[in-house]
Amino acid sequence: QTHLVESGGGLVQPGGSLTLSCAASQTIFDVLYMGWYRQAPGKQRDFVARITPASMTDYAESVKGRFTIAGDAAKNTVTLEMNSLKPEDTAVYFCNAHVRSGTGYWSYDIWGQGTQVTVSS
C-alpha cells in the first residue's frame, strides 16, 4: 500500500518559520491534487492548503498570506512553507493525496501519519 511521509515538523517561536515536506513511498498515479490538513488536540481535522498537478493552489482563510504550498503533485512531492507562525497553528499536520480511481468514476484519499508543529515561546 502506498503511504505519504511527512517531515519537517518541530518547535518554533511565534513569528517564526517552518517548512514541511511530503513524499509518497511509491508512485501514486492519477493524482487530482495533494495538500495539507491539520488537527489540534480535541479538534477536527481541517483543510490547510492544496495544489493540483497544474500548480493551481488553494488555502484556508486562516493561513492565506502566511503559508505557501509548492511542489509537483504529479510526482507526489509537496512542501508547505509556513511563515509568521502563531500559537494557534500548533497541530499535527497531515499530507494528503486525492486520487482518481482506475475507472475514473470515483476518487479516494491517501494520508500520511502526520508531523507535529508546535508554536510556542
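By convention here, the first residue in the shown sequence is residue 1. The shown structure was predicted, so the numbers you read here are calculated from the model rather than taken from an experiment.
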Out of curiosity, [X] [atom1] to [Y] [atom2], how far, rounded to the nearest 0.5 Å?
X	Y	atom1	atom2	value
S107	H98	OG	NE2	3.0 Å
M34	T79	CE	OG1	10.5 Å
Y59	I51	OH	CD1	7.0 Å
N96	D109	CG	CG	4.5 Å
T52	Y33	OG1	OH	11.0 Å
Q39	Q44	CD	CD	8.5 Å

Considering only heavy atoms from C-beta outward, does the side chain of [X] approach that of [Y] to under 4.5 Å?
X	Y	result
D89	M82	no
L11	S120	yes
Q116	T90	yes
L20	E6	no
R38	V63	yes

Are [Y] and [X] connected into the same hydrophobic cluster when the rule is that any two of I, L, V, M, F, W, Y join if their side-chain heavy atoms are below 4.5 Å apart?
X	Y	result
V78	M56	no
V117	F47	no
F29	I110	no
V119	F94	no
V92	L4	no

For the residue pair [X] and [Y], what are the closest heavy atoms and their distance?
X	Y	result
G35	I69	CA-CD1, 4.0 Å
P53	L32	CD-O, 3.2 Å
P14	S121	CD-N, 3.6 Å

> How about S17 and N83: does a side-chain donor come under 3.5 Å of a side-chain acceptor?
Replying inline: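 Yes, side-chain donor-acceptor contact under 3.5 Å.
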
> Parallel, tilted or perpendicular: which fits the ring planes of W111 and Y37, with parallel below 30° and perpendicular above 60°?
Replying inline: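 W111 and Y37: perpendicular rings.
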
> Any donor-acceptor pair under 3.5 Å linking the side chain of S84 with the backbone of R66?
Replying inline: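 No; judged by distance alone, with no hydrogens or angles, the pair does not exist.
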
>> Between R100 and D30 (side chain of the first, backbone of the second, donor and acceptor by atom type, cut-off under 3.5 Å), is there such a pair?
In response: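 Side chain of R100 to backbone of D30, a donor-acceptor pair under 3.5 Å: no, none is there.
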
